[in-house]
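Sequence positions, counted from 1, serve as the residue numbers for this chain.
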Amino acid sequence: YWYFNQNMLRGKMVHVEAFEQSLKFSTQDSSTTQKWSAIFEANEMSEHFILWVSKLQAYSIPKSCFSNDEKIQTFRELVAKNVANQDIVK
């Protein structure tokens with residue numbers, strides 16, 4: 001697995017860990033695990049990935065949180081492998 005940091009939750013640092021079967025989002029106060037199977041759509045934009053869990057709720061993961069382009073590519077491949085309905089650069 002690997003992780004990166006995201007600064008987008010009411011001023012709290014969010015740590016995201018990507019595994020083969022799931023994503024784990026955690027702050028100093030809490031954590032949640034989201035199975036890849038619960039993500040029904042994924043989009044890649046120029047600055048971030050959007051992972052949709054419903055028509056109204058999505059996780060936005062900025063590419064700036066990754067330490068290098070290789071890690072972006074690894075995440076891109078993980079999304080492409082696990083999300084059937086996706087618009088990911090290959």
Task: Close side-chain approach of E17 and F25, heavy atoms under 4.5 Å - done: no
Open item on the list: How long is the straight-line distance from CD of Q57 back to CG of L51, given to the nearest 0.5 Å?
Closed with: 11.5 Å
Task: Sub-4.5 Å side-chain heavy-atom contact between L23 and T33 - done: no
TODO: Compare all side-chain heavy atoms of Q34 with those of S22 and state whether any distance is below 4.5 angstrom.
DONE: no
Task: Any donor-acceptor N or O pair under 3.5 Å, side chains W52, N85 - done: no
TODO: Dump the intermediate steps for side chain to side chain contact (heavy atoms under 4.5 Å, CB included) on F40 and V83, then the final yes or no.
DONE: CA-CA 7 Å; F40 78 92; V83 182; over 6 Å; no
Open item on the list: I'd like to know whether CG of N68 has more than 12 heavy-atom contacts from other residues, nucleotides or ligands below 6.0 angstrom.
Closed with: yes
Task: Sidechain-backbone polar pair: K63 side chain, M45 backbone, donor-acceptor under 3.5 Å - done: yes
Open item on the list: What's the separation between atom OG in S64 and atom CD in E47, rounded to the nearest 0.5 Å?
Closed with: 7.5 Å
Task: Separation between NZ of K81 and CD of E20, rounded to the nearest 0.5 Å - done: 3.5 Å
TODO: Could you tell me the separation between the NZ atom of K71 and the CG atom of L78, rounded to the nearest 0.5 Å?
DONE: 13.5 Å
- [ ] Given side chain to side chain contact (heavy atoms under 4.5 Å, CB included), test E44 with D87 step by step and report yes or no.
- [x] CA-CA 6 Å; E44 181 177 359; D87 181 19; over 6 Å; no
- [ ] Spell out, as yes or no, whether a donor-acceptor pair under 3.5 Å connects the side chain of W36 to the backbone of F19.
- [x] yes
Task: Heavy-atom side-chain contact between I39 and N82 under 4.5 Å - done: no
Task: Identified side chain to side chain contact (heavy atoms under 4.5 Å, CB included) partner of Y59 from the options I50, V53, V16 - done: V53
- [ ] Report the distance from atom OG of S54 to atom CD of E41, rounding to the nearest 0.5 Å.
- [x] 11.0 Å
Task: Straight-line distance of F66 CZ to I72 CD1, nearest 0.5 Å - done: 6.0 Å
